[in-house]
Amino acid sequence: MANRATKSGINREVAEKLASKYDQQLAGQCMQWISQQIGEAFDTSGDSNNVHEQLKSGQRLARVVNVISPGKISQKQIDGAKMTFKQMELINKFIDACKSLGVPDHECFATVDLYEMQNMVQ
């Protein structure tokens, strides 16, 4: 996660309001679904910190895309996502795949929201 100044004033209030809407149980169910789809065991706790840690590389999300649309993201791209920009690129490819499958824009999160743990509710 990027080093950011502590939020204060209205920014803190907005961040707290967003955090209060986070559904840990639903997030855990989503994590379990991802684990089942890609056939990989990992910590599926719905805690926002865990969700961030498990998904921020984009590799698991890319594997989900390939389960739904085989070969959409090359294994070379998935395995080569070691640097920040490559990981964010994988997250973006996941979002693009969701949109191509009919998920509306307003239901998709922004790449930076996951990568920098900014808006985990989305």
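Inter-residue side-chain proximity for S48 and Q24 is flagged as unmet; no heavy-atom pair is nearer than 4.5 Å. Counting heavy atoms from C-beta outward, T44 and W33 have side chains that stay 4.5 Å or more apart. Side-chain contact between F94 and I73 is absent, with no heavy atoms from C-beta onward closer than 4.5 Å. Within the 4.5 Å cutoff, the side chain of L55 has heavy atoms near those of the I34 side chain. At a threshold of 4.5 Å between non-hydrogen side-chain atoms, the residues L61 and I95 do not count as touching.
Listed by chain and number, the residues in a side chain to side chain contact (heavy atoms under 4.5 Å, CB included) with A81 are Q59, K86, Q87, L90 (sequence neighbours excluded). For Q75, the side chain to side chain donor-acceptor pair (under 3.5 Å) test picks out D79, with sequence neighbours left out. Partners of P104 according to the side chain to side chain contact (heavy atoms under 4.5 Å, CB included) rule, which considers only residues two or more places apart in sequence or in another chain, are H106, E107. Considering only residues two or more places apart in sequence or on other chains, K72 meets the side chain to side chain contact (heavy atoms under 4.5 Å, CB included) condition with V65, N66, S69, A97, S100. Every side chain to side chain contact (heavy atoms under 4.5 Å, CB included) that N50 has, sequence neighbours left out, goes to M31, D43, S45, D47, Q54.
Cluster note: V103 groups with no other residue, as no ILVMFWY side-chain heavy atom lies under 4.5 Å from it.
Without hydrogens or angle criteria, Q25 side chain to D23 main chain gives no donor-acceptor distance under 3.5 Å. At distances below 3.5 Å, not a single donor-acceptor pair connects side-chain atoms of E116 with backbone N or O atoms of D113.
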